[in-house]
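In what follows, a structure is listed as structure tokens, so that the remarks can point back to it.
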Amino acid sequence: VRVMQSCFTTRELAELFHVEVWRIQRLFETGAVEEPPRFAGKRVISADQIPSIISNLRSRGWLPSRRKEAEDDQRR
């Protein structure tokens, strides 16, 4: 995933990765990913945190592994 934006909301990341919002929220709530600062009550998630978020989503089975994505691409 190539990211141009520098900051994201929880919802924006959920839409980007095609996962439910609660899955992104849970990563912060459990401490799996460092809690970002908030603005107007919303998390302001830095693009620097995206690799950690992807890794944690994959480790929980909430995002396909790279190998699975490659296999799916080959079938198309």
Side-chain angles (χ1 to χ4, degrees):
V1 176
R2 183 145 194 222
V3 178
M4 301 301 273
Q5 252 175 268
S6 60
C7 294
F8 298 84
T9 65
T10 305
R11 179 167 304 283
E12 287 173 329
L13 287 181
E15 290 172 359
L16 182 66
F17 299 129
H18 305 286
V19 298
E20 295 91 349
V21 172
W22 71 265
R23 293 183 192 265
I24 303 292
Q25 293 169 331
R26 189 78 68 232
L27 298 177
F28 298 114
E29 293 166 356
T30 62
V33 178
E34 185 179 339
E35 185 73 41
R38 291 178 182 250
F39 180 78
K42 295 185 184 241
R43 290 180 175 97
V44 180
I45 305 162
S46 167
D48 295 340
Q49 289 185 286
I50 290 178
S52 179
I53 292 168
I54 290 171
S55 175
N56 278 281
L57 288 170
R58 283 191 173 133
S59 72
R60 293 168 185 245
W62 295 343
L63 196 65
S65 68
R66 286 184 175 159
R67 184 172 63 188
K68 173 86 170 102
E69 288 176 347
E71 289 171 358
D72 290 346
D73 288 345
Q74 288 178 354
R75 289 183 189 143
R76 291 181 191 158

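The figures here come from the full heavy-atom set of this structure, side chains too, leaving out hydrogens, waters and symmetry mates. Everything numeric here is computed off the predicted structure, so don't read it as measured data.
Taking CG of Leu27 as the start and CD1 of Ile54 as the end, the distance is 11.5 Å to the nearest 0.5 Å.
Listed for the Ser59 side chain is a donor-acceptor partner under 3.5 Å among the backbone atoms of Asn56. Between the side chain of Gln25 and the backbone N or O of Thr10, no donor-acceptor pair lies under 3.5 Å.
A 4.5 Å side-chain heavy-atom check between Ile53 and Ile45 finds at least one atom pair inside the cut-off. Counting heavy atoms from C-beta on, the side chains of Leu13 and Arg43 never come closer than 4.5 Å.
Closest non-hydrogen pair, Arg58 versus Pro64, comes out as NE-O, 2.8 Å. Taking both residues in full, the closest heavy atoms of Ile24 and Phe17 are given as CD1-CD1, 4.4 Å, listed atom of the first, atom of the second, then distance. Contact record, Val19 with Trp62: CG1-O, 3.4 Å, taken as the closest heavy-atom pair. Taking each heavy atom of Gln5 and Phe8 in turn, the nearest pair found is CB-CZ, 3.3 Å. Nearest heavy atoms, Phe28 versus Gln49: CE2-NE2, 4.1 Å. What you find for Ala32 and Ser52 is that their closest heavy atoms are O-OG, 4.4 Å.
Among residues two or more places apart in sequence or in another chain, the side-chain hydrogen bond (donor to acceptor under 3.5 Å, both in side chains) test is passed with Glu29 by Arg26. Applying the salt bridge (charged side-chain N to carboxylate O under 4.0 Å, His left out) rule to Glu20 yields the partners Arg23; only residues at least two apart in sequence or on another chain are considered.
The environment of Arg60 atom CZ is dense: over 12 non-hydrogen atoms of other residues, nucleotides or ligands sit within 6.0 angstrom.
Phe39 and Val33 fall into different hydrophobic clusters, where Ile, Leu, Val, Met, Phe, Trp and Tyr are joined by side-chain heavy atoms under 4.5 Å apart, directly or via other members.
When hydrophobic side chains of Ile, Leu, Val, Met, Phe, Trp and Tyr are connected at separations under 4.5 Å, Val21 ends up as a singleton with no cluster partners.
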